[in-house]
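Single-structure report; data block below.
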Amino acid sequence: YPKLNELYFGQNNLIKLSKINTRVDLFSFLKRKIKVKNIEITTKENSVRNILNFVKLYRTNLSLILLANRIEQGSLKTKLKVNFDQKNGNYLSYLASGEIKDVQLNLLNNKKAKNIHFNFNITDEKYEFKNINFEYKKIKINSEKIKVIKKNKNYLVKGNLKNKKN
């Protein structure tokens with residue numbers, strides 16, 4: 001039987017949770033037409049593949065499918081906060097923050113990026129990655145911070161990469 005702090009979906013897909021908080025409009029609750037104002041979910045450390053498989057259930061796009069198929073291993077710990085529009089129930093904004101560790105990514109031509117580690121903060125149109133470290137072709141690469149901002153249909157990227165050969 002599933003535990004209260006575990007979310008099962010599909011076959012053999014599990015997400016371990018540490019906390020779920022939600023705010024509900026009191027008047028809607030009393031009228032038995034519950035309207036959620038926001039929800040906050042904090043996970044324990046989980047497989048990146050399981051998290052991506054769960055996200056694909058709600059928001060599928062080609063880049064997400066390709067990414068999920070290229071990840072070999074790794075873990076993710078995250079906190080997600082979603083605010084909802086009280087009129088139509090759609091989400092207004094979200095904030096996802098967390099840490100990715102020990103990811104191995106299969107690239108084109110059978111190349112691999114290994115030991116990928118970073119912290120992230122993601123909102124609707126801003127992505128911030130900090131303390132990035134990974135290895136590619138035995139070269140250690142790192143960055144203090146990379147920011148990605150969505151402007152219309154384009155993305156502006158600002159940051160730096162440094163490397164040190166083994």
Side-chain angles (χ1 to χ4, degrees), residues 7 9-10 13-23 37-85 90-166:
L7 173 63
F9 62 98
N13 288 306
L14 164 71
I15 296 177
K16 297 178 214 161
L17 306 172
S18 61
K19 182 169 72 170
I20 298 178
N21 286 330
T22 186
R23 286 186 56 213
K37 290 184 174 185
N38 67 36
I39 188 165
E40 189 175 299
I41 301 169
T42 305
T43 71
K44 295 180 180 180
E45 197 167 295
N46 288 282
S47 159
V48 173
R49 290 190 76 151
N50 283 358
I51 297 287
L52 288 175
N53 287 335
F54 181 74
V55 171
K56 285 190 319 188
L57 292 173
Y58 298 98
R59 187 176 232 173
T60 301
N61 61 43
L62 182 59
S63 59
L64 189 60
I65 292 168
L66 291 173
L67 179 62
N69 290 332
R70 294 284 179 183
I71 291 181
E72 227 175 79
Q73 67 184 43
S75 64
L76 168 72
K77 186 176 179 181
T78 189
K79 181 176 184 178
L80 174 67
K81 184 173 182 180
V82 181
N83 295 309
F84 294 96
D85 183 333
N90 293 335
Y91 84 88
L92 285 174
S93 63
Y94 67 89
L95 169 64
S97 60
E99 176 183 18
I100 288 186
K101 299 192 311 190
D102 300 320
V103 170
Q104 183 166 308
L105 186 62
N106 293 322
L107 305 171
L108 300 175
N109 300 326
N110 295 320
K111 305 291 184 208
K112 295 180 187 226
K114 298 178 182 180
N115 302 320
I116 302 169
H117 297 262
F118 61 86
N119 299 322
F120 63 89
N121 284 303
I122 299 172
T123 61
D124 295 315
E125 305 206 349
K126 292 181 184 175
Y127 309 80
E128 187 173 274
F129 306 96
K130 292 182 177 180
N131 304 319
I132 303 162
N133 295 289
F134 65 96
E135 188 178 317
Y136 177 71
K137 291 186 175 182
K138 296 186 180 183
I139 300 172
K140 292 186 178 189
I141 301 170
N142 62 60
S143 176
E144 291 175 22
K145 181 161 101 176
I146 295 178
K147 268 183 143 173
V148 180
I149 299 172
K150 185 178 181 185
K151 284 273 193 188
N152 303 319
K153 293 184 178 185
N154 298 312
Y155 292 88
L156 304 172
V157 180
K158 182 179 181 181
N160 63 354
L161 290 174
K162 298 176 185 175
N163 66 43
K164 182 178 182 182
K165 200 162 188 168
N166 285 349

| task | Just do the side-chain contact (heavy atoms from CB on, under 4.5 Å) check on D124 and Y94 with the steps written out, would you? | result | CA-CA 6 Å; D124 295 315; Y94 67 89; 2.8 Å; yes
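Closest approach of L107 to A113, counting heavy atoms only: CD1-N, 4.0 Å. The two residues I71 and R49 make their nearest non-hydrogen contact at O-NH1, 3.2 Å. Nearest approach of N46 to L14, heavy atoms of both residues: OD1-O, 3.9 Å.
Salt bridge annotation for E128-K130: present, with a cationic side-chain nitrogen under 4.0 angstrom from a carboxylate oxygen. A salt bridge is absent between R23 and E40; no separation between the charged side-chain nitrogens and carboxylate oxygens falls under 4.0 Å.
Side chains of S143 and N160: a donor on one and an acceptor on the other come within 3.5 Å.
Applying side chain to side chain donor-acceptor pair (under 3.5 Å) to H117 and the options D102, N142, N131 leaves one that passes, D102.
Few gaps surround CD on E72; more than 12 heavy atoms of other groups in view lie less than 6.0 Å from it.
When atom types are taken as modelled, the side chain of T43 and the backbone of K79 share no donor-acceptor pair closer than 3.5 angstrom. Side-chain atoms of S97 never come within 3.5 Å of backbone atoms of F120 as a donor-acceptor pair (strictly under, hydrogens ignored).
Not counting sequence neighbours, the partners of F129 by the ring pair (Phe, Tyr, Trp, His ring centres under 6.0 Å) test are F118.
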